[in-house]
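Scroll down for the structure; my scribbles are underneath it.
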Amino acid sequence: MKLYLVGGAVRDKLLNYPALDQDWLVVGSTPEQMLAQGYQAVGKDFPVFLHPKTKQEYALARTERKQGQGYTGFACYFAEDVTLEQDLQRRDLTINAMAMDLEGTLHDPYGGYSDLQQKILRHVSPAFAEDPLRVLRVARFYARYKHLGFHIADETLELMRQLSHSGELQHLTAERVWQESARALQEQDPQAYIEVLHQVGALAALMPELAKLWGIPNPPKWHPEIDSGIHTLLVLQQAALLSDRLDVRFAALCHDVGKGETDPADWPSHHGHEHSGLPVLKTMCERLRVPNDCKELALLACQYHQLLHKALELRPATVLKLFDGIDLWRKPERLKLLLLCAVADLRGRTGFEQSAYPQQQYLTDAAQAARAVDIKAIVASGLKGEAIKHKLAEHRLAAVTLVKQQWDLARQTQ
Ligand SMILES: Nc1ccn([C@@H]2O[C@H](COP(=O)(O)OP(=O)(O)OP(=O)(O)O)[C@@H](O)[C@H]2O)c(=O)n1
């Protein structure tokens, strides 16, 4: 039997990019031989084994043929006679279809090295279409390597377009779509993932609530970029500069879904989009089985982003209502995360990329003052039940009022 390092590990080694895991390919072996050598079988559908010591993955060379629709319809053939070239041919991109043997020799039958040097994401063969998730994978690799100058080959974009319009994406499970999207959102250029999905029609198939935003105008005074879809991409880009967190990036992506609900007669204004977006976003998150932390932050960003922008004009009582609404008291970190989305929302407009956002410091100061109110002292004063709640609210209001007075004074003297 012969062993090869394959896939992402080879690609990232040649790119000098940090690789997370190492996948090995075994040519000329059988499950029985692998088990006899102490490997542990883990693959349910494919012949994959864990090395007894390193626990790295070793897969037997295989060919695959799609049967029927969706992910589960695969006929997988593995036997001692499956060659390296055959196994590499069933893979998605040429840069993922290279192998390196234990002597360090590169095996590259499909031109992966040349594509890597020319920075091209190109599919290996028509077998690409056998797993529609690959449309999302290519967009994710683009989000990862765009800053290095990579682009997607025209013929691959065309294939992605055909797959997206064929209805095949509808057969992907929510788990696979979310897993791929979550990984993509954590890449260096997450907006590039959404942009490509939109370009090939995959966004309309998987997240129509977001795809709908393209073509919907905003007032040019506040949004020189005008289009709500372009704004969404810019906001996600800014969010990625501000935070590595998936929940923040997802919330930034979704904050404006309500604009898709505005009556075109009211364009370019979107009065009330913070509220009209909520049921739409909830449906989208439930369909995609978005984890609760991401879903909750996205719903709050949708509901409160406008109020955060107006923070400096709000009465202290309204600031407290905002704090109640986001449950600042039990989840203090939320305000910080929502403010990151709000900063991204402001800077995600052409010409506003460097804008200051004093609301961030003001609300941080107000929250700190409100949270510093000593509940124990109120309880110790002998008050009971509702009276404690009222006194607490009174003290918090006084604390926020003081912060507001200091801020107003500072702004007047500037
Ligand atoms: N739908 C898929 C999934 C995987 N692969 C192949 O399996 C390899 C390993 O897949 P995976 O670990 O998912 O991706 P990596 O390429 O290792 O990338 P990452 O760095 O994102 O893990 C890929 O390189 C590719 O050759 C594929 O062709 N089609």
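Atoms within each ligand, like the ligands themselves, are counted from 1 in listed order. Basis for what follows: all heavy atoms, side chains included, without hydrogens, waters or symmetry-related copies.
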- Message: Can you classify the ring geometry of Tyr362 versus Trp407 as parallel (below 30°), tilted (30 to 60°) or perpendicular (above 60°)?
- Response: perpendicular

- Message: Are Phe250 and Trp178 an aromatic pair, judged by ring center distance below 6.0 Å?
- Response: yes

- Shortest non-hydrogen contact between Pro132 and Leu169, atoms and distance: O-CD2, 3.6 Å

- Task: Using a strict cut-off of 4.0 Å, indicate which atoms of ligand 1 neighbour a heavy atom of Arg140.
- Result: 21 (O)

- Item | Options Glu187, Arg11, Arg137, Arg183, ranked by nearest heavy atom to atom 10 (O) of ligand 1, top entry | Arg137

- 4.0 Å heavy-atom contact, Asp23 with ligand 1: yes

- For Gly7, the atoms of ligand 1 under 4.0 Å from one of its heavy atoms are 24 (O)

- With side chains defined as the heavy atoms from C-beta onward, is the minimum distance between Arg161 and Gln199 less than 4.5 Å? yes

- Task: Could you tell me whether some N/O pair between Arg91 and ligand 1 is separated by less than 3.5 angstrom?
- Result: yes

- With atoms numbered from 1 as shown, which atoms in ligand 1 lie under 4.0 angstrom from a non-hydrogen atom of Asp131? 1 (N)

- Message: Whether Lys376 and Asp374 form a salt bridge (side-chain N of Lys/Arg under 4.0 Å from carboxylate O of Asp/Glu) is what I want to check.
- Response: no

- Expected output: side-chain Arg90 to main-chain Arg62 donor-acceptor under 3.5 Å: yes

- Item | The one among Arg134, Gln89, Glu64 that brings a heavy atom closest to atom 27 (C) of ligand 1 | Arg134

- Taking only heavy atoms of Arg144 into account, list the atoms of ligand 1 that are under 4.0 Å away from them. 19 (P), 20 (O), 21 (O)

- Query: Between His305 and His309, how do the two ring planes meet: parallel, tilted or perpendicular, split at 30° and 60°?
  - Reply: perpendicular

- Message: I want to know if ligand 1 touches Asp92 in the polar sense, i.e. an N/O pair below 3.5 angstrom.
- Response: yes

